[in-house]
Number of protein chains: 2
Amino acid sequence: MSSVRAIADELGISVATVSRALNNHPGVSDGTRRRVLQTADKSGYRPSVGRKPTNVVGLAYPGEPVKADFGAFEAALLAGVLEGVSDRRFDLTFVNIQRDKHRDETFGQFFDRKGLRGVLVRSLDDSKVAEQIADEGFPMVQIADRSDRPDVNYIDSESRKTSQQAVEHLLGLGHRRIGLAIHRVSDSDHVDRENGYRDALAGAGIQVQDNLIVRAEASPEGGVMMLLKLLDQPEPPTAIYFTNPLSTVGALHKCLQLGIRVPKDLSIVGFDDSDIRFRTFPQFTAVCQDAKALGLEAARWLTRLLNNETTGSFRETRPTTLAVHESTAFPPVAAIRLEDNARVVRVI
Amino acid sequence: MSSVRAIADELGISVATVSRALNNHPGVSDGTRRRVLQTADKSGYRPSVGRKPTNVVGLAYPGEPVKADFGAFEAALLAGVLEGVSDRRFDLTFVNIQRDKHRDETFGQFFDRKGLRGVLVRSLDDSKVAEQIADEGFPMVQIADRSDRPDVNYIDSESRKTSQQAVEHLLGLGHRRIGLAIHRVSDSDHVDRENGYRDALAGAGIQVQDNLIVRAEASPEGGVMMLLKLLDQPEPPTAIYFTNPLSTVGALHKCLQLGIRVPKDLSIVGFDDSDIRFRTFPQFTAVCQDAKALGLEAARWLTRLLNNETTGSFRETRPTTLAVHESTAFPPVAAIRLEDNARVVRVI
DNA sequence: TGCCCAATTGTAACTGTTCCGACGCTCCCG
DNA sequence: CGGGAGCGTCGGAACAGTTACAATTGGGCA
């Protein structure tokens, strides 16, 4: 449709200037650049180098320039994405929006400049990047988070129901005082998990006690802190639901150190993205999310869309599953309590 | 220098056919395609779309179409690579050689077609892909493996000396029967670790016993199998060196299950790529490799090379370190032995 | 032999980029 | 006050590569 020559004609300038403006090259005045970018946006300009269509999709982490902390969840997600794009013979490029995107550029222009036909967005914060990309009509799928906006394609996990099941599993074993150890950041996933916990208690007619809900960062250290805080109470819980894999591992580790026997003294339900639950002692009962499937399905749908094999919008919520292992059992006759975060005592 | 038109003139064909041949498009006879690719190779043809230089480097896993098993090591490596390419404002693209490379294409032609200026090669098998790429003079760095060939740039870890230290650490504690549990595949890393083990024993005047060296795959299950095999012997070892993180975790887990107290009954030295040694009980003494640094330095050097900030070759061998934690202690008075892979008995 | 069809190739138009020169503006100094 | 020097900005033209469509070729078959 539109080309650099069309834009040049419309603005009465040369193609060279248009090209320079479009590629963030120096030697173009701010006003000219802005005019070019606006006209390009308005006329729906899409660069087609020669006319070659590239089969590349981008993976964007809007929040941070570089995703330094590549944990098990990100790794599994990426493995899925790589497999998913590979099906339709697409390649994957990491893009760094913060580093490379020009202020006056639209997201579409930015991705086009990078030669990307679509983009997978992994939002880690509250930035509205996914929404903005969707607003522009650029092919996109948001991974592992949902959105109210109808134009945002996304895939994520639904952990509310399974969290409810997990707590019901504890209730069924006879537990009545059940702690919740949850991530401090309230993304939709963690809100789900807290709601599931509340659903289960409400269903059993048990009042939620605020002092049995503790929050810390999602790390082994956070898990230790939450464990200690819960067990330091006059009436400690006999079971705890940790909503994050790393905090579960930290807590289990601390129990071994302190001589707290899991599940004899304390039942623990954790959360798992991959196969960490098999790597601990004891192997822990967990709400399991299939991170790889999230990446896989998102990448598959996006590449199908780009191949015109599908149309419309994509909004998938994958179920999680409850895997019962060795860390949950009947409540102890005497609950475990910690004095001064160290000495283990038993209370009736 | 060379262009599609030059190639077309030389072969007496049209530029359209040259372009089609160069891009793996259908509708070109095999003979013509081969002639075009050969002429392109001979004349040193490099595509320059428009004339735009792209700042993209590739990450290639030659062995498998898709790297499905994205463990902690790969994840840390990738985190380093992403950070490294970001310094010089490069992007990273995953490329799939097996899937996309045409038989008659050279590696350079293939990477050029993908718009890559350099490539990081993560060899997982014995394929000579890295050597072939280097032979063609395409900018490359091999990650986490070495090479005898002077034209292959590489970065890897040296674990022989630290493995020797680790075994000497056990010898210093008084251990005399020390087992080696090692990966079945003999890449240079694992050869290093076995040699370090042998060096230490030789230094202490202890004869290496073949039955104390066992091999299995690098997985938790492999670790369990190797543990059981070593402890099933009439004269079992009092300490074991596991040369892989996953097998270490599997073995430690099995010890907890069987009631073997580490380090009281059995000392274990493991291997760590990341921070797994802090996530087990007990935290284990380990030979530690900085996977992230491997990716980081490789990416940094390659992007500096592409920016003409450096020349020559790159061959870096990073040291590993011995981190002493809780899994090693004096040998027990009575060594642990397993009967029928299950019952724990003690032998004098 | 003549015809049809598919495979292969060529022509020409098109897209986007960059080299090099031109233009105009400011500033400094004779 | 006037004339370069220098700088920022832009245009013309040449060039790179791709593809739609036309043209050619050659084989199979009536």
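Residue numbers start from 1 in every chain, and the chains themselves are labelled A, B, ... in the order their sequence lines are given, proteins ahead of strands.
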Can you label the angle between the A/F94 ring and the B/F94 ring as parallel, tilted or perpendicular, going by 30° and 60°?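 It falls in the tilted class, 30° to 60°.
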Angle between ring planes, A/F111 versus A/F138, binned at 30° and 60°: parallel, tilted or perpendicular?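 Tilted, since the angle between the ring planes falls between 30° and 60°.
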May I have the distance from A/I7 (atom CD1) to C/dT15 (atom C1'), rounded to whole angstrom?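 Whole-Å distance recorded here is 12 Å.
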State whether [X] places a side-chain N or O below 4.0 Å from either non-bridging phosphate oxygen (OP1 or OP2) of [N].
X     : N      : value
B/Y45 : D/dG17 : yes
B/N23 : D/dG17 : no
B/H25 : D/dT18 : no

Within the 4.0 Å heavy-atom criterion, would you say B/R113 contacts the bases, only the backbone, or no part of the nucleic acid?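 No contact.
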Spatial distance of atom [atom1] ([X]) from atom [atom2] ([Y]) [nearest 0.5 Å]:
X      : Y      : atom1 : atom2 : result
B/E10  : B/K42  : CD    : NZ    : 4.5 Å
B/S2   : B/I7   : OG    : CD1   : 4.0 Å
B/R318 : B/D156 : CZ    : CG    : 11.0 Å

With a 4.0 Å cut-off on N to O distance, would you call B/D145 and B/R122 a salt bridge?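 No, no charged N to carboxylate O under 4.0 Å.
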Within the 4.0 Å limit for protein heavy atoms, which parts of nucleotides 8-15 of chain D are touched? Write it as a string from 5' to 3', B for base, S for sugar-phosphate only, - for none. -SBBBB-S
